[in-house]
Amino acid sequence: MAALRPLIAGNWKMYGRRADLAEIDGLWKRVGASARALDVLICPPAPYVAAAAEAAKGGEVQIGAQDCCAVAEDAARTGDVNAAMLADAGARYLIVGHSERRSLHGESDGLVRRKAEAAFAAGLIPIICVGETQAERNAGKLAEIVSRQVRESTPAEGGPFVIAYEPVWAIGGSTTPTMAEIAEVHALIRETLSGNFGARANETRILYGGSVNPKNAGEIFAVGGVDGALVGRASLKAADFAAIILAHPAAR
Ligand code: PEP
């Protein structure tokens with residue numbers, strides 16, 4: 001399988017203010033030409049997507065969003081934001097099915113799939129998150145849970161998408177799976193995608209997410225089958241996120 005263009009994505013979650021958008025310019029100043037062989041993405045909170053896209057204009061940092069309404073069309077849905085609005089504001093990618101949405105908002109695989117379809121309809125690339133909880137892992141259900149999420153959260157038709165493997169227990173903490181475990185789960189995801197999509201599965205980037213930081217990024221990027229990372233806390237500050245990006249072998 002040919003190597004895929006790496007993607008390193010930052011998920012700002014519900015952090016930051018307009019003033020923090022200066023980190024985007026700071027990031028590009030730090031990585032600049034070294035990052036041209038990678039896709040670098042920042043997903044700020046929805047109110048800042050348009051200003052982030054504006055702030056990113058001088059460089060090649062791309063902007064994404066973190067969630068959308070599953071209804072693609074404009075509709076009487078107070079408080080909701082659809083994918084077309086996020087695209088219009090300057091987003092290129094859309095995170096769907098993050099474990100915080102699955103657990104705090106009860107999002108099912110079916111809902112995540114509909115959000116990914118809404119992203120396609122708006123011309124966005126969905127980043128579909130999957131991953132097991134500690135309890136599921138302890139119960140020996142990792143493979144069952146992750147392959148089910150991959151099968152049921154991905155649309156049968158549509159444009160390219162990205163999968164982010166984010167073990168729930170590794171998010172926001174200080175531990176990650178071993179490198180061998182990451183390799184094993186990424187291979188399982190690739191195999192599940194092949195079962196669903198045939199050769200097209202080889203075009204899907206599979207990111208690792210969960211406590212990636214400047215110290216462990218190089219080791220994680222060296223794992224076979226890892227096409228980049230989805231980074232939470234360490235993406236908020238340009239210095240940390242740049243160190244992660246520069247740890248990728250493609251950033252030379
Ligand atoms: C995330 O929530 O997507 C994430 C990977 O968080 P962190 O890097 O902080 O573990």
Side-chain angles (χ1 to χ4, degrees), residues 7-16 41-49 52 62-73 75 77-87 89 91-122 124-137 141-142 144-155 158 161-173 185 189 192 204-212 228-236:
L7 168 64
I8 304 185
N11 170 15
W12 281 11
K13 309 193 185 199
M14 200 169 72
Y15 293 107
L41 173 70
I42 287 192
C43 303
Y48 302 123
V49 166
Q62 301 180 75
I63 301 301
Q66 302 172 16
D67 182 45
C68 72
C69 180
V71 175
E73 304 77 30
R77 298 186 71 100
T78 303
D80 280 348
V81 173
N82 65 24
M85 292 167 180
L86 295 166
R92 302 275 313 278
Y93 288 79
L94 180 65
I95 298 171
V96 294
H98 189 281
S99 66
E100 287 150 15
R101 305 260 356 141
R102 290 180 186 262
S103 65
L104 301 172
H105 298 268
E107 295 196 1
S108 63
D109 292 328
L111 182 66
V112 174
R113 192 184 61 243
R114 291 204 305 283
K115 291 186 176 196
E117 286 164 352
F120 285 152
L124 297 173
I125 300 174
I127 301 176
I128 303 168
C129 301
V130 301
E132 81 289 356
T133 63
Q134 185 71 67
E136 288 162 346
R137 190 180 184 91
K141 291 187 168 166
L142 187 162
E144 176 191 326
I145 297 293
V146 171
S147 54
R148 187 210 72 219
Q149 289 177 334
V150 170
R151 273 196 318 275
E152 298 184 11
S153 308
T154 50
F161 60 84
V162 175
I163 297 282
Y165 169 54
E166 298 208 304
V168 180
W169 53 272
I171 293 176
V185 181
I189 292 172
T192 309
T204 302
R205 291 175 287 186
I206 305 175
L207 314 183
Y208 169 76
S211 295
V212 177
L230 180 55
V231 183
R233 286 156 298 164
S235 69
L236 290 166

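Numbers for residues simply follow the sequence, beginning at 1. What you are looking at is a predicted structure, and each value in this text was computed from that prediction instead of being measured. Because only heavy atoms are used, hydrogens play no part in the values below, and waters and symmetry mates are left out as well, while side chains stay in.
- A donor-acceptor contact closer than 3.5 angstrom links the side chains of Ser211 and Arg233.
- Residue Val168 comes nearest to Gly131 through the heavy atom pair CG2-O, 3.7 Å, listed as atom of the first residue, atom of the second, then distance.
- Looking at Glu144, its side chain never comes within 3.5 Å of a backbone N or O of Lys141 through a donor-acceptor pair.
- The environment of Arg92 atom CZ is sparse: at most 12 non-hydrogen atoms of other residues, nucleotides or ligands sit within 6.0 angstrom.
- Applying the side chain to side chain contact (heavy atoms under 4.5 Å, CB included) test to Tyr48 and every residue at least two apart in sequence or in another chain returns Arg17, Arg18, Leu21, Pro44, Pro45.
- Residues Gly97 and Val112 approach most closely at CA-CG2, 3.5 Å, considering heavy atoms.
- A donor-acceptor pair under 3.5 Å links the side-chain atoms of Ser235 to the main chain of Gly232, judged by distance alone.
- For the side chain to side chain contact (heavy atoms under 4.5 Å, CB included) test with Val150, the passing option among Asp109, Ile189, Thr204 is Ile189; the others fail.
- The two residues Leu41 and Gly64 come nearest to each other via the heavy atoms CD1-N, 3.4 Å.
- Contact record, Thr154 with Arg151: OG1-O, 3.5 Å, taken as the closest heavy-atom pair.
- His98 places a side-chain N or O within donor-acceptor distance of the main-chain N or O of Glu100, the cut-off being under 3.5 Å.
- Under the ring pair (Phe, Tyr, Trp, His ring centres under 6.0 Å) criterion, Tyr93 pairs with no residue at all, not counting sequence neighbours.
- For the residue pair Pro155 and Ala116, the shortest heavy atom distance occurs at CG-CB, 3.7 Å.
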Review point. Does the side-chain contact (heavy atoms from CB on, under 4.5 Å) test come out yes or no for Asn82 and Val71, once each step is laid out?
Key: CA-CA 7 Å; Asn82 65 24; Val71 175; over 6 Å; no

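- By the side chain to side chain contact (heavy atoms under 4.5 Å, CB included) test, Ala164 pairs with Ile127, Cys129, Glu166, Leu207, Leu230, sequence neighbours left out.
- In this structure, Arg102 and Ser153 have side chains that are in contact, with non-hydrogen atoms separated by less than 4.5 Å.
- A donor-acceptor pair under 3.5 Å is absent between the side-chain atoms of Arg205 and the main chain of Val162, judged by distance alone.
- A donor-acceptor contact shorter than 3.5 Å links the side chain of Gln66 to the backbone of Lys13.
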Review point. What do the steps show when you test Ser99 against Ile171 for side-chain contact (heavy atoms from CB on, under 4.5 Å), and what is the final call?
Key: CA-CA 9 Å; Ser99 66; Ile171 293 176; 3.4 Å; yes

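- Between the CG atom in Asp67 and the CD1 atom in Ile95 there is a gap of 9.5 Å [rounded to 0.5 Å].
- Leu86 CG to Cys68 SG: the interatomic distance, rounded to the nearest 0.5 Å, is 7.0 Å.
- Note that CD1 of Ile128 is 10.0 Å distant from CG of Leu94, once rounded to the nearest 0.5 Å.
- Residues Ala87 and Ala122 come closest through the heavy atom pair CB-O, 3.6 Å.
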